[in-house]
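In the text below, chain A, chain B and the rest are named by the order of the sequence lines, each starting its count at 1.
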2 protein chains.
Amino acid sequence: MGHKGEALRQRIVASADQLFYRQGYENTSFSDIAEDVGISRGNFYYHFKSKDEILCAVIDTRLTGIERMLDEWTSQYTDPMQRIVKHIDILTSHQDDIISHGCPVGSLCTELAKSHHSMLQDATKMFSVQRDWLTVQLKELGLGKEAKQVAMHLLARAQGIATISNAFDDKSFLRQEVKRLKQWLDERVY
Amino acid sequence: MGHKGEALRQRIVASADQLFYRQGYENTSFSDIAEDVGISRGNFYYHFKSKDEILCAVIDTRLTGIERMLDEWTSQYTDPMQRIVKHIDILTSHQDDIISHGCPVGSLCTELAKSHHSMLQDATKMFSVQRDWLTVQLKELGLGKEAKQVAMHLLARAQGIATISNAFDDKSFLRQEVKRLKQWLDERVY
DNA sequence: GACTAATTAGGACGACTGTATTATTTTATT
DNA sequence: AATAAAATAATACAGTCGTCCTAATTAGTC
């Protein structure tokens, strides 16, 4: 029984993840991924029987990555405010990628929504996980029933920043808006 | 000299406009457009020699549509605040389309950025026109050098609302965020 | 009505796509 | 070392894509 294939499988998912982010899902072919990994298309098909299947694997990988990131922040910081600021700082820490390719979650959801792809709901879970985590932090800060709404608001703010700074290829706008968002958070949540 | 072809040309652009919005640019083929218009692919190619060419025509059409809309509001309302509110209200007046297909400008820019398409800058002009118009209104409201930044901020807010409400298929979130945005405008610009 | 230009239709071309099947090589187990 | 399983490669297939070419039809002009 060869467990060697598992390593290659992960390499394939990692390549697909990057390519989907940089070129989009539909615009990335089996050949693109196979070439990037350095294997043949036939071998590729041994590990993933369809394109939907690898998209599913990519979404799962991204999802667990997001969850691991959030868990890390939860254990690393005790102040909910610090945690939320850390979340906002994703925009600046990934600014170059966002300028070039937008938000990996938002752009994928936008694409899947247009192609009426059945996996849109799975992709949206990448948002839901963040929303729920932010909601917990906001409730710890004293917010009540409106915590979830504010969490959604934070997601939307980040999305807008990513989309616009990507379209305009404008890094200074991204930084300026991040500052504005933190400022709003300070005023809104005391 | 037959000027009859001009009418068909506009029908083609109108169909392409809708299809690009609902399915995305790359995911819409010549056959899709031709079938929607009710003509043959050969005839189609007579009016547009390449796919880039029709994309250019669609962007131009959308651009003049946006400019006409803004001009109308400029002449229809004297209060800059009313004008800006009218702009924000695009989100609610087009809410069903936005829920289903996102923002026509933002989603196109996102797609063109991913495919590294040369026409991304032309598409971004659909944003610039709105930004400049909003800047004028904000300056009339008394804002100075920061007017342009606030205008960009408004665009980003609208983009975030469109992207998130599209991904979540959540109309109530859209309406709620529009209300929040107007509220922010009232507090920010006295 | 004849003639020319504008317009439409139809089909052919090579390239690429996702999918599928088969053959070959490598790995693991006995 | 022999054998079975896993993994990799190579290729074929039907479909679609953007593009291009050619024939047929329509419309406008003298």
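Between B:Glu111 and B:Lys114, none of the side-chain N atoms (NZ, or NE/NH1/NH2) sits under 4.0 Å from a carboxylate O, so this pair counts as no salt bridge.
Rounded to whole Å, the distance from CZ on B:Phe48 to C1' on C:dT8 is 15 Å. As rounded to whole Å, 13 Å separates atom C1' of C:dT7 from atom CZ of B:Arg11. When rounded to the nearest whole Å, the span between CD1 of A:Ile33 and P of C:dT17 equals 11 Å. Residue B:Tyr46 contributes atom OH, which lies 12 Å from atom C1' of D:dT26 at whole-angstrom precision. Atom P of nucleotide D:dA6 and atom CD1 of A:Ile39 are separated by 18 Å, given to the nearest angstrom. Rounded to an integer number of Å, the gap from A:Ile54 CD1 to C:dT19 P is 11 Å. Computed from coordinates, the A:Phe44 CZ to C:dA20 P distance equals 14 Å when rounded to whole Å.
In this model, a donor atom of one side chain and an acceptor atom of the other lie less than 3.5 Å apart for A:Ser172 and A:Asp170. No hydrogens or angles considered: nothing links the side chains of A:His87 and A:Arg83 as a donor-acceptor pair under 3.5 Å. B:Arg180 and B:Gln176 share no side-chain donor-acceptor pair at under 3.5 Å.
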Candidate pair A:Trp184 and A:His153, rule ring pair (Phe, Tyr, Trp, His ring centres under 6.0 Å), full reasoning: CA-CA 12 Å; A:Trp184 173 84; A:His153 176 79; 4.8 Å; yes
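Phosphate contact (OP1/OP2 of D:dT8, side-chain N/O of A:His47, threshold under 4.0 Å): present. Close to C:dA9, at under 4.0 Å from its OP1 or OP2, lies a side-chain N or O of B:Asn43.
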Base-contact (B) and sugar-phosphate-only (S) positions in nucleotides 14-20 of chain D, heavy-atom cut-off under 4.0 Å, - elsewhere: ---SSBB
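Within a 6.0 Å sphere centred on CD of B:Gln121, heavy atoms belonging to other residues, nucleotides or ligands number 12 at most.
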